[in-house]
Structure formats: structure tokens, C-alpha cells
Amino acid sequence: MKLYFYNSLTRKKEKFNSIKPGEAGLYTCGPTVYNYAHIGNLRTYIFEDVLKRVLIYNGYRVKHVMNITDVGHLSGDRDMGEDKMEKGARREGRTAWEIAEFYTRAFKSDIARLNIIEPDIWVKATDTIDDQIALIKTLEEKGYSYRTGDGIYFDTSKFKDYTRLSHQNIESLWEGARVEKNPEKRNSTDFALWKFSPEGVRRQMEWNSPWGTGFPGWHIECSAMSMKYLGEQLDIHCGGSDHIDVHHTNEIAQSEAATGKNFFNFWMHGAFLIIAGGKKMAKSEDNFLTLHNAFVKKGINPLVYRFAAFQTHYRKPMEYSEESIQASRNGLQHLQNQVRQAAQNSAGQKGAVIDEYKTKFLEAINDDLNMPRAMAVVQEMLKSRIGDADKHATIIDYDRVLGLSLDTVDQAEELPEKIKILVAERQAARNAKDWAASDRLRDTIQDLGYQVQDTKEGMQVIKT
Ligand SMILES: [Zn+2]
């Protein structure tokens with residue numbers, strides 16, 4: 001069946017064709033590891049995971065690359081401000097390298113809890129400094145770069161069609177930026193390829209280069225890594241919609257200037273998460289919700305968030321509120337009950353995936369990942385008159401895209417002895433109203449990979 005995605009480049013839904021038949025190259029911008037990912041960031045990774053699963057469901061072999069930004073992402077716009085990594089290091093009294101290591105692990109644990117399939121290739125910015133320097137050299141040789149007091153910059157006026165992705169008007173961008181903080185920049189849209197370490201300052205992360213000691217600009221890493229690992233398979237590049245105007249626009253400019261070839265064919269962007277009341281979730285705002293504090297700590301299965309993300313199309317802002325999460329919690333529980341029921345009713349009988357419903361599901365997901373429609377098909381199928389064994393087989397097939405671990409809901413799981421003891425201890429603490437001990441034990445159980453939920457029927461412990 002044909003597959004359509006909305007392409008930010010053309011602002012249209014287009015039929016997807018990969019460069020190599022049957023194989024799809026996917027590049028997704030990864031986290032800047034100076035802090036936890038907030039659930040707004042995680043929404044983007046869920047959307048990208050659905051995209052990847054839809055490609056796989058359609059028979060593509062997917063090669064997925066994700067970067068880890070562990071240097072060079074500055075706190076201010078337009079190459080001003082401090083490196084987020086060094087700032088994080090100061091905040092926590094650790095080295096930038098330790099910060100990167102810690103938050104990379106936290107990120108990987110978050111995506112595992114959300115059943116997000118890991119990329120085939122993880123790349124750290126600090127592991128590809130040589131590739132980034134080589135790319136900057138090419139840009140220099142081709143006359144796209146110039147030197148200022150604080151670094152090497154890309155001259156955006158030399159690149160034709162700089163605003164092809166953002167669809168902005170370049171003249172108005174230039175005029176609009178009257179207050180330019182860096183007077184040495186030729187155009188307000190120019191961006192740093194390489195920044196020099198400040199005079200007299202020894203940065204924790206710095207490298208020698210043909211231009212002087214320093215570190216790469218943020219955008220160059222994604223160009224260098226995607227071309228290094230995907231080479232001729234530059235099919236789909238994704239990220240949050242906040243990347244369109246600057247980060248992805250700059251990636252296109254520097255990559256195409258260097259190679260003279262078309263960079264990615266498809267650019268797909270996920271919309272924001274809005275906190276009820278209309279605020280966008282951002283690390284710099286005070287409404288900083290992580291998977292841990294908004295879900296795990298409250299005893300809510302993180303897959304509830306994955307389920308919640310399916311209720312809104314990825315290109316529309318998703319509203320987050322306690323009520324919407326409660327509704328999704330009920331929704332997921334209901335779905336798990338339906339699946340469990342179908343499994344019990346079919347009593348070991350093996351069913352078949354029903355073509356009619358497979359087609360309906362495909363029509364929804366292949367129409368630019370229309371998950372709200374796909375979830376309606378799920379309910380339509382489960383409430384239909386087809387037999388329970390077939391229902392079960394069909395929903396387990398859908399779960400290759402949904403990723404809600406529906407294949408495990410009907411297995412009553414035997415807990416390991418160690419967990420059973422901790423659960424009994426926690427129950428005793430709760431009976432004694434020792435909430436501090438209860439919380440501590442819950443954290444210990446969770447650290448061992450089990451989810452604790454306090455429900456009306458008592459404590460429920462599920463493997464995560
Ligand atoms: Zn990127």
C-alpha cells in the first residue's frame with residue numbers, strides 16, 4: 001500500500017519512495033545531554049518511533065541514526081550564550097563529560113520505558129570532531145565560510161535558497177534583526193561552524209583545529225554524522241518543529257553547499273506539547289516535566305504517555321493535563337483488558353490477522369501517521385463480530401506499530417523472589433503509614449525494573 005508523509009520542504013503530503021528500494025535511511029536529531037529530556041521532547045521521539053515502526057510494518061528495512069549532542073549547543077540563539085554542557089557541569093559540580101554520560105544514560109532509560117526502538121547507530125558529537133572539521137574545511141575551500149574574532153562562520157548569503165525549508169523571507173529576516181549582538185557577522189542568519197575557546201579560558205571540551213583551539217558549532221554535527229552514516233540513503237530527517245527555522249535550515253545549507261547534492265528528500269517535524277493553559281513545554285520554562293516526575297514517581301506506567309501521544313496527530317499541538325493523562329490511563333487499561341479478554345476467550349486457539357482490518361489500519365497509519373484514526377480502527381476491530389482468536393492475532397499485529405506491549409498483558413507474571421520481598425516490605429510500611437519508607441522501597445523496586453502502581457485493588461507490580 002502507498003505511504004504518504006507530510007514533507008515540511010514542500011508543505012504537502014507526498015508519496016514516500018526511498019532512494020534504495022526496500023530500504024529507508026532515517027536520521028533523527030537526538031538529545032542535548034545536559035539535563036533530563038522533558039516530556040515535550042519525548043513526544044517527538046514517540047512520533048519518530050511510530051514513523052520508524054510504520055516503515056518497518058510496510059516492509060522497509062530501516063537504518064536509523066541518532067546523534068547525542070554532548071558539545072557545542074549554546075544556551076542563547078544565534079551562537080551566543082554559554083555551552084549548555086559546561087553550564088550543566090557547573091550547576092551540578094561535575095565535569096562536562098560526566099554530565100554527558102549521566103544524561104545519556106537517563107535518556108536511553110526514558111526511551112526504553114516508552115518502548116521506543118533504539119537507533120541502529122548512536123553517535124556522540126564528541127566522537128566525530130574530525131568529520132566535522134573535514135566538512136568545515138570543504139566549506140572553506142568552496143568559499144562559504146569566513147573568520148571573525150570568535151569563530152568560523154557560514155555565509156548564508158552565498159547559499160541560494162537558504163530559507164527553502166523554513167519558507168521565510170530572507171530579506172525580512174535580515175531586516176528584522178537590527179540588534180545584532182555579533183557585529184562581525186556579515187548577515188544576521190550566518191551561523192558558527194567552529195567557535196574558538198575564549199581567550200585565557202580553558203574549556204573542558206575543546207579540540208585543536210586548522211583555525212584555532214575550540215569546538216564545533218551545533219548544526220555541523222548533524223550534517224557530518226548523517227552523511228557519514230547514511231551516505232547515499234538520505235531519505236527522512238526528523239526533529240521537533242522548533243528545529244525548522246534554524247537548526248535544520250542550517251543543516252541543509254552547509255550540507256548542500258559542501259556536496260552540491262540534495263540533502264534529505266523528506267523532512268518531518270513533530271509539533272509541541274502544550275501544558276494546559278497554553279504554555280509550551282521547554283527546559284528553560286518552570287513547567288519542566290520529566291517521564292520520572294510526571295509518570296514513574298506517581299506510579300503511572302510510562303506507556304500511558306505513549307498511548308496519550310496517539311490521541312493527537314503528530315503535527316498538531318498536544319495538550320497535557322492531569323485529566324488527559326488520567327483519561328489515557330483508563331484508555332490503556334481498557335485496551336489491555338480487551339486484549340486479555342480476547343486471549344482468554346480464544347483459549348489457546350491460534351487466530352489469523354484479518355485482512356479487512358489490516359487494510360483499514362494501514363490506510364490510517366500510511367496517511368501521514370494518522371494515529372487517532374488508527375486507534376479508532378483498533379476499537380472498531382475489537383468491537384467487531386470477528387472471532388476472539390482472530391481479534392487477538394490482529395491486535396498483536398497492530399502492536400508492531402503501537403508498541404504498547406500488548407503481547408504481554410495476558411501473561412500473569414511471576415515476580416522474582418527479591419521483588420516479592422521488597423513488595424511485602426513496602427506493604428508493611430504502608431500498613432504502618434510509614435510513607436517515607438514506602439516511597440523509598442517503591443524507588444528501589446523501580447530501579448530493579450518493576451513498575452509499582454497503587455490501585456483501589458491494592459499494589460500492582462508490573463515489569464517495565
Ligand atoms: Zn540535529
In this structure, CD1 of I236 is separated from OG of S18 (nearest 0.5 Å) by 8.5 Å
message = What I'd like to find out is whether the side chain of E251 reaches to under 4.5 Å of the side chain of F263, using heavy atoms alone.
response = yes
Check your understanding: Is the shortest distance from a Lys or Arg side-chain nitrogen in E380 or K360 to a carboxylate oxygen in the other one below 4.0 Å?
Key -> yes
Would the distance check show the side chain of E221 and the main-chain N or O of P216 forming a donor-acceptor pair, the cut-off being under 3.5 Å?
no
Taken to the nearest 0.5 Å, the spacing of Q233 CD from M227 CE works out to 15.0 Å
*asked:* Can you confirm whether the side chains of T126 and D70 place a donor and an acceptor under 3.5 Å from each other?
replied: yes
Taken in chain and number order and not counting sequence neighbours, the residues that satisfy ring-ring contact (aromatic ring centres under 6.0 Å, His included) with F266 are F16
**Short side-chain donor-acceptor distance under 3.5 Å, H237 and S226** = no
Please check if atom NZ in K15 has more than 12 non-hydrogen atoms from other residues, nucleotides or ligands closer than 6.0 Å.
yes
Task: Side chains of K358 and T394 in contact at under 4.5 Å (non-hydrogen atoms) - done: no
Report task. Assess the side chains of Q168 and Y162: does a donor N or O sit below 3.5 Å from an acceptor N or O? Result -> no
N366 meets the side-chain hydrogen bond (donor to acceptor under 3.5 Å, both in side chains) criterion, sequence neighbours left out, with N58
Exercise for the section: Answer yes if the side chains of D150 and Y153 hold a donor-acceptor pair under 3.5 Å, and no otherwise. Expected result: yes
Value for OG (S328) from OH (Y305), rounded to nearest 0.5 Å, stands at 10.5 Å
- prompt: Are Y398 and Y57 close enough that some pair of their side-chain heavy atoms sits under 4.5 Å apart?
  reply: yes
_Enclosure of R61 CZ (heavy-atom neighbours >12, cutoff 6.0 Å)_ = no
Across all chains, not counting sequence neighbours, the side-chain hydrogen bond (donor to acceptor under 3.5 Å, both in side chains) partners of Y146 are D190
query = Looking at side-chain heavy atoms only, is the closest gap between D397 and F361 below 4.5 Å?
reply = no
More than 12 heavy atoms of other residues, nucleotides or ligands under 6.0 Å from NZ of K137: is that the case?
no
Discussion item. When you measure from the centre of the six-membered ring of F272, is the NZ or CZ of R43 closer than 6.0 Å and no more than 45° off the axis?
Written reply: no
With a 4.5 Å cut-off on side-chain heavy atoms, are L291 and R113 touching? yes
* Pair Q326, N330: side-chain N/O donor-acceptor within cut-off below 3.5 Å -> yes
Exercise for review: Decide yes or no on salt bridge (Lys or Arg N to Asp or Glu O under 4.0 Å) for R306 and D49, but give the supporting numbers first.
Suggested key: CA-CA 10 Å; R306 187 175 171 99; D49 184 59; 2.8 Å; yes
Any sub-3.5 Å donor-acceptor pair from N169's side-chain atoms to S172's backbone N or O? yes
Please confirm whether the ring centroid of F191 lies under 6.0 Å from the ring centroid of H219.
yes
- Can the ring centres of W267 and H167 be said to be less than 6.0 Å apart? no
- Is a side-chain donor-acceptor pair under 3.5 Å present for T10 with E14? yes
Residues pairing under side-chain hydrogen bond (donor to acceptor under 3.5 Å, both in side chains) where one sits in residues 196-209, two or more places apart or in two chains, turn out to be D83-R203, W194-S209, S197-E206, R202-E206, N208-T213
Do we get R94 above F102's six-membered ring, with its NZ or CZ under 6.0 Å from the centre and within 45° of the axis?
yes
G403 and N115 have their tightest heavy-atom pair at O-ND2, 2.9 Å
Side chains of D155 and S145, donor plus acceptor under 3.5 Å:
no
Requested in this report: Would you please say whether a donor-acceptor pair under 3.5 Å links the side chains of T189 and N187?
Outcome: no
Scanning both residues in full, the closest heavy-atom pair of M371 with L402 reads CE-CD2, 3.7 Å
Q) Under a 4.0 Å N-O cut-off, is there an ion pair linking K13 with D368? A) no
For F5 and L369, the nearest pair of non-hydrogen atoms, with its separation, is CE2-CD2, 3.8 Å
query: For the ring pair H269 and H243, is the centre-to-centre distance below 6.0 Å?
result: no
Q. Is the shortest heavy-atom distance from the side chain of H64 to the side chain of E118 under 4.5 Å?
A. no
Scanning both residues in full, the closest heavy-atom pair of L9 with N265 reads CD1-O, 3.7 Å
Between G25 and L230 the two heavy atoms that sit nearest each other are CA-CD2, 3.9 Å
- Message: Under a 3.5 Å distance rule, please check whether N293 uses its side chain to pair with a backbone N or O of T290 as donor and acceptor.
- Response: yes
Check: Salt-bridged, R164 to E256, with N to O below 4.0 Å?
Finding: yes
Q446 meets the side-chain hydrogen bond (donor to acceptor under 3.5 Å, both in side chains) criterion, sequence neighbours left out, with none
Is the backbone of K316 close enough, under 3.5 Å, to the side chain of H313 for a donor and an acceptor to pair up by distance?
no
Aromatic plane relationship, F264 with Y27 - under 30° parallel, 30 to 60° tilted, over 60° perpendicular: tilted
In this structure, CG of L362 is separated from OH of Y357 (nearest 0.5 Å) by 15.0 Å
**Prompt:** With no hydrogens and no angle check, do the side chains of D110 and Y45 hold a donor and an acceptor under 3.5 Å apart?
**Reply:** no
Less than 4.5 Å apart, any side-chain heavy atom of K63 and any of I121? yes
Could you give the side-chain donor-acceptor pairs of residues 295-304 under 3.5 Å, partners two or more places apart or in another chain?
{"residue": "K298", "atom": "NZ", "partner": "E322", "partner atom": "OE2", "Å": "3.1"}
{"residue": "N301", "atom": "OD1", "partner": "L303", "partner atom": "N", "Å": "3.0"}

